Amino acid sequence: MSDLSTAASLNGEAAAALAGRPGPGGTPRCDSAATGNAVGLDIGGTKVLAAFLGPDGVARETLRLPTVRGPQGVVSSAARAVREVVRRAGVELAEVDGVGVGVPGLVDPEDGSVMHAVNLGIEGGRFALAEALSAELGGLPVQVDNDLNVAALGASHLRGDDGSDLAFLALGTGLAAGIVLGGELRRGVSGAAGEIGHIPIDPHGPECACGQRGCVEVYASGSAVSARWPSRHGRPAPAELFDAAAAGDPEAIRIRDEFASAVASAVRILELTVDVRHVVLGGGVSALGQPLLDAVRAALDAQSSTSPFLSSLRLAERVSLAPADVPVAAVGAALVGRRKVK
């Protein structure tokens with residue numbers, strides 16, 4: 001997942017362009033009674049992940065295609081993904097009720113326009129992504145939302161009845177969370193709900209892309225790991241770091257534990273602000289799997305050990321990993337696509 005911090009680092013004029021609109025300012029819901037076939041797309045800077053959701057809410061087909069950058073490239077690669085996943089599902093495009101799209105950047109879910117999705121090559125003014133993709137698909141209804149929001153909806157859906165209060169904590173190039181409370185997506189009045197990566201925890205720390213110093217993101221993100229333990233063998237830096245730590249390298253162990261402690265701090269911030277039942281770790285770093293989860297849980301236990309209050313919250317038990325075999329954000333996007341946003 002990319003551009004996780006785009007909204008927080010926009011200049012004031014760009015942010016104001018969407019502030020106050022009904023979409024970002026409210027707590028949009030999806031009509032739980034709506035069903036039907038839908039396609040969800042999670043569009044990143046290098047890949048499009050697609051999921052076909054049947055009326056039962058189960059992802060029947062998924063696929064991955066490369067992203068073509070630029071406004072028209074994004075539309076063409078998205079349309080190709082829709083047609084291909086529908087074909088694989090054995091249905092006709094006319095049998096699909098809607099398409100949902102999750103993209104990085106600043107999104108207006110009311111009209112499906114996108115701004116500052118720089119990883120997609122969409123820069124400058126608004127690009128009417130929903131309208132353009134709908135036209136490419138013969139008028140099929142299209143809804144667009146931020147990638148973190150659809151990931152949170154997807155994670156909530158996949159947990160079933162147990163997922164109505166949940167935060168999806170994306171550990172990627174940056175760090176941010178999508179939040180679902182009482183089954184409803186929480187955006188905040190300016191769309192910045194969940195941008196916990198830009199909470200400073202050390203005023204004398206490294207400078208963050210948002211202009212502050214010592215933000216959570218500079219310690220608990222994939223970029224933070226790469227800065228402290230650069231890749232030496234062509235694999236992702238977090239994977240090399242955790243492997244070196246597992247092999248007993250003292251420096252790697254120290255950096256791994258400090259990283260896990262920073263992620264645990266992000267979890268603690270979420271729990272002490274919105275008190276969700278689950279914090280689901282996602283994003284590129286989550287590919288580490290169980291070793292990451294074990295390290296974060298150990299850090300949470302250590303941080304709680306001197307506080308009866310924190311211990312009572314049982315924070316380590318609330319953390320889990322996003323499913324590795326399901327494109328969570330694409331599933332969430334499909335939910336947005338098949339239901340009428342109120």
Side-chain angles (χ1 to χ4, degrees), residues 1-11 14-15 24 42-47 49 67 102-107 114-123 145-152 155 167-179 186-188 190-202 205-231 236-239 241 255 258-270 273 279-288 292 296 321-322 328-329 332:
M1 196 163 295
S2 55
D3 285 3
L4 296 178
S5 308
T6 303
S9 58
L10 292 176
N11 61 46
D42 175 20
I43 304 180
T46 60
K47 63 185 181 301
L49 298 177
T67 302
V103 294
L106 193 60
V107 178
V114 180
M115 291 197 303
H116 300 279
V118 293
N119 280 11
L120 303 182
I122 299 175
E123 304 181 51
D145 209 325
N146 179 265
D147 55 355
L148 269 178
N149 288 338
V150 299
F168 181 90
L169 180 59
L171 307 174
T173 303
L175 178 146
I179 300 171
R186 177 59 185 166
R187 299 181 186 280
S190 60
E195 284 287 350
I196 65 167
H198 297 294
I199 296 176
I201 56 177
D202 180 1
E207 186 173 359
C208 179
C210 74
Q212 303 181 96
R213 285 191 171 275
C215 292
V216 176
E217 181 173 293
V218 303
Y219 301 104
S221 64
S223 297
V225 174
S226 297
R228 301 191 65 192
W229 190 273
S231 175
L241 170 65
I255 294 174
E258 290 175 357
F259 169 72
S261 180
V263 175
S265 295
V267 172
R268 195 171 70 250
I269 288 170
L270 284 168
T273 51
V279 175
V280 178
L281 303 181
V285 181
S286 70
L288 290 168
L292 171 66
V296 173
L321 291 169
V328 174

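From a predicted model like this one, the values you see are computed outputs, not experimental measurements.
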[X] side chain near [Y] side chain, heavy-atom distance below 4.5 Å:
X	Y	answer
V216	V263	no
L171	L175	yes
F259	L292	yes
P236	S231	no
N149	F168	no
V114	L106	no
L169	V280	no
N146	V103	no

State whether the side chain of [X] and the backbone N or O of [Y] hold a donor-acceptor pair below 3.5 Å, judged by distance alone.
X	Y	result
S221	V218	no
T67	G45	no
Q212	H198	yes
R213	G205	yes

So, taking the atom named [atom1] in [X] and the one named [atom2] in [Y], what distance separates them when rounded to the nearest 0.5 Å?
X	Y	atom1	atom2	value
R187	L148	CZ	CG	11.5 Å
Y219	S261	OH	OG	11.5 Å
S265	I201	OG	CD1	5.5 Å
E217	S223	CD	OG	7.0 Å
L241	L288	CG	CG	8.5 Å
D42	D147	CG	CG	6.5 Å

So, for [X] and [Y], which heavy atoms are closest and what is the spacing to 0.1 Å?
X	Y	result
A264	V296	CB-O, 4.1 Å
A329	V150	O-CG2, 3.5 Å
I196	A266	CD1-O, 3.5 Å
L270	A167	CD1-CB, 4.0 Å
S226	A237	OG-CB, 3.5 Å
A224	A220	CB-N, 4.0 Å

One pair to check against side chain to side chain contact (heavy atoms under 4.5 Å, CB included): E258 and R228. What are the steps and the verdict? CA-CA 11 Å; E258 290 175 357; R228 301 191 65 192; 2.7 Å; yes
